[in-house]
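A note on names: the letters A, B, ... follow the listed sequences, proteins ahead of strands, and every chain is numbered from 1. For clarity, every value in this text was computed on a predicted model and none was experimentally measured.
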Amino acid sequence: MRSIALIDVNNFYVSCERVFNPALEGKPVIVLSNNDGCAVARSNEAKALGIQMGTPWFQLRDLARQHGILAYSSNYPLYADMSNRVMTILSRFSPLQEIYSIDECFLELTGMPLPHSAIGQAIQKRIRQWTGLPVCAGIAATKPLAKLANHIAKKHSWFNGVCDLNAMNPAEQEEWFTRIPAGEIWGIGRKLAPRLAAIGIHTVQDLRQANPAMLRSRFGVVMEKIVLELKGVACLDLETLTEPRQQIVCSRSFGMRVSDLPSLQEAISLYVTRAAEKLRRQRSLAGSISVFLQTSPYEPKAPQYAPSLTIPLPVSTDDTNQLIHTALWGLKRIYRPEYRYQKAGVMLAELTSKAAVQQSLFSATTRMDQTESRMAALDGINRKMGKNTLRYASEGITQNWKMRSGNKSPCYTTSWKEIAVARC
DNA sequence: GCTAAATTCAGAC
DNA sequence: CTAACGGTCTGAATTTAGC
């Protein structure tokens with residue numbers, strides 16, 4: 001019997017904040033998305049107050065005041081660093097690991113000594129000891145079932161955070177499947193759940209018993225695979241190698257509405273810089289760059305404008321200078337001064353491996369070499385001396401358009417300067 | 001009427 | 001005092017373009 005574990009950190013962002021600020025323990029805490037926009041992580045106490053995932057912060061303000069809810073701006077350097085620690089520890093429990101998201105991974109446990117719940121408990125204990133973070137483990141024969149097992153472990157405290165569906169007999173399993181709504185299944189979202197309900201499929205058990213061929217014809221292959229996996233038939237492999245991204249996007253909402261071109265130029269320059277850093281980190285080159293602007297869809301009475309322009313690059317590149325130049329050229333094409341922009345962004349696409357470049361017949365190789373050493377120097381200085389030590393003047397100095405981040409915790413694990421301030 | 005490319009949809013977290 | 005609502009990425013399905 002195949003045995004897959006799905007390990008995930010409970011309320012990940014909130015738990016990271018709590019590790020470094022134990023006073024948050026037992027209190028209703030939320031972490032907000034970029035620009036302090038929406039609640040994207042909630043402690044159990046906050047969930048108990050009825051705060052839904054993705055609720056805009058301004059709608060929560062009153063409730064937060066009433067109940068003393070603590071709201072933090074998101075601190076991605078902290079969460080990314082904690083995630084790396086967790087994933088490294090987990091990698092020692094199995095040779096096959098799929099890192100599925102910032103706080104989740106699958107581990108192949110097939111063939112390891114039983115009971116596998118004991119492995120789950122060992123994992124839980126070590127992650128808690130070595131990082132301070134709480135995790136749950138779900139174990140089952142396929143990935144969606146492991147997700148469900150994890151869901152069960154989280155919801156029912158008597159499992160102590162570890163649930164092995166493989167260790168249950170079929171009647172017990174069925175008991176659980178009958179109690180869980182189909183919408184909880186991995187891959188069944190807000191559109192598909194109502195469509196399934198319309199044909200009488202309400203629970204996991206209903207879906208398990210449905211005819212895969214019929215579901216395929218009505219909903220497509222994805223649904224068919226989900227059903228087969230729920231029956232225990234493996235269709236999805238563990239994806240243990242991470243392929244390089246096929247496109248890289250960097251976009252941000254502004255802290256205020258922006259209408260002037262110079263501010264947009266600064267923002268676009270910054271986003272291109274970030275995107276190009278990611279591009280070089282995965283050793284790719286971009287074949288095209290897109291620029292886009294957006295007015296706020298939440299102000300329906302204001303005139304809306306959401307232009308974008310994709311510019312093909314004659315020779316694929318990872319040179320920030322060249323990418324900024326091209327993006328700013330594109331920005332000028334799409335910019336109209338009469339709108340109040342809420343957001344801007346860039347996308348690098350048609351990415352290819354740097355190891356297999358198609359050189360231009362007409363461009364001299366020296367140009368490429370110059371780019372190479374200039375970018376290496378830029379990345380090297382910023383790696384050694386800290387992010388932003390060396391940056392492009394076109395990013396601007398005051399950056400009045402920058403996103404709001406009113407209550408960010410210090411970067412406890414990635415910045416010497418901020419630890420000194422924290423004194424915890 | 002076919003294939004390929006582009007766009008949209010749905011999902012995850 | 002008022003207005004304030006995330007970001008990245010994937011793969012399938014559907015539509016459109018080009019022949």
Ion pair A:R280/A:E372, N-O distance below 4.0 Å: no
May I ask you to say what A:L32 touches in the nucleic acid, namely base, sugar-phosphate or nothing, with a heavy-atom cut-off under 4.0 Å? nothing
So which pairs with a foot in residues 175-216 of chain A pass ring-ring contact (aromatic ring centres under 6.0 Å, His included), sequence neighbours left out? A:Y100-A:W186, A:F106-A:W186, A:H156-A:W176, A:F159-A:W176
Quick one: label A:R195 by what it contacts on the DNA or RNA (base, sugar-phosphate, nothing), any heavy atom closer than 4.0 Å. nothing
Contacting residues from residues 286-309 of chain A, given that a heavy atom lies under 4.0 angstrom of DNA chain C: A:Y298, A:E299
According to side chain to side chain contact (heavy atoms under 4.5 Å, CB included), who are the partners of A:A267, at least two apart in sequence or on a separate chain? A:F254, A:Y271, A:W401
Closer than 4.0 angstrom, basic N to acidic O: yes or no for A:R283 and A:D318? no
Report the stems of DNA chain C as range-with-range entries sorted by first number; a stem here is at least three consecutive pairs, Watson-Crick or G-U wobble, both distances under 3.5 Å, and write none if there are none. B:1-13 with C:7-19
Would you say A:S91 and A:Q97 are linked by a side-chain donor-acceptor pair, where the criterion is simply a distance under 3.5 Å? no
Testing the 3.5 Å rule here: is there a donor-acceptor pair between the side chains of A:Q265 and A:S394? no
Applying ring-ring contact (aromatic ring centres under 6.0 Å, His included), which residue pairs with at least one partner in residues 53-76 of chain A are found, sequence neighbours left out? A:Y13-A:Y76, A:Y76-A:Y79
Donor-acceptor pair between A:S15 and A:N10 side chains, under 3.5 angstrom: no
When all nucleic acid strands are considered with a 4.0 Å heavy-atom cut-off, which category describes A:W186: base, sugar-phosphate, or nothing? sugar-phosphate
Touch class at under 4.0 angstrom, heavy-atom based, for A:I102 against every strand present: nothing
Inter- and intrachain pairs under salt bridge (charged side-chain N to carboxylate O under 4.0 Å, His left out), touching residues 76-97 of chain A, at least two apart: A:D81-A:R85
For a quick check of understanding: with a heavy-atom distance under 4.0 Å over all strands, which category does A:Q246 fall into, base, sugar-phosphate or nothing? sugar-phosphate
Between A:D36 and A:S73, does any side-chain donor sit less than 3.5 Å from a side-chain acceptor? yes
Between A:R245 and A:Y13, name the one whose nearest nucleotide on DNA chain C is closer to the 5' end. A:Y13
Exercise answer: donor-acceptor pairs, residues 228-239 of chain A side-chain atoms, under 3.5 Å, sequence neighbours excluded:
unit_1, atom_1, unit_2, atom_2, d
A:E229, OE2, A:C235, N, 2.4
A:E229, OE2, A:L236, N, 2.6
A:K231, NZ, A:R208, O, 3.0

Could you pull out all donor-acceptor pairs under 3.5 Å where a side-chain atom in residues 213-224 of chain A meets a protein atom, sequence neighbours excluded?
unit_1, atom_1, unit_2, atom_2, d
A:R216, NH1, A:E224, OE1, 2.9
A:S217, OG, A:M214, O, 2.8

Reckon A:D103 touches a base, only the sugar-phosphate, or nothing at all at heavy-atom distances under 4.0 Å? sugar-phosphate
Going by heavy atoms closer than 4.0 Å, what residues in residues 206-223 of chain A are next to DNA chain C? A:G220, A:V221, A:V222
First and last nt of DNA chain C near chain A, cut-off under 4.0 Å to heavy atoms, 5' to 3', are C:dA4 to C:dA13
Over all strands shown, is A:R404 touching base, sugar-phosphate only, or nothing at heavy-atom distances under 4.0 angstrom? sugar-phosphate
Contacts satisfying ring-ring contact (aromatic ring centres under 6.0 Å, His included) that involve residues 318-345 of chain A (not counting sequence neighbours) are A:Y305-A:Y339
With heavy atoms under 4.0 Å as the rule, sort A:Y100 into base, sugar-phosphate or nothing. sugar-phosphate
Mind calculating the distance between NZ (A:K143) and P (B:dG11) to the nearest angstrom? 18 Å
Would you indicate what A:I185 reaches in the nucleic acid, counting non-hydrogen atoms under 4.0 angstrom: base, sugar-phosphate, or nothing? sugar-phosphate
Which pairs pass salt bridge (charged side-chain N to carboxylate O under 4.0 Å, His left out) with one or both residues in residues 184-200 of chain A, sequence neighbours excluded? none
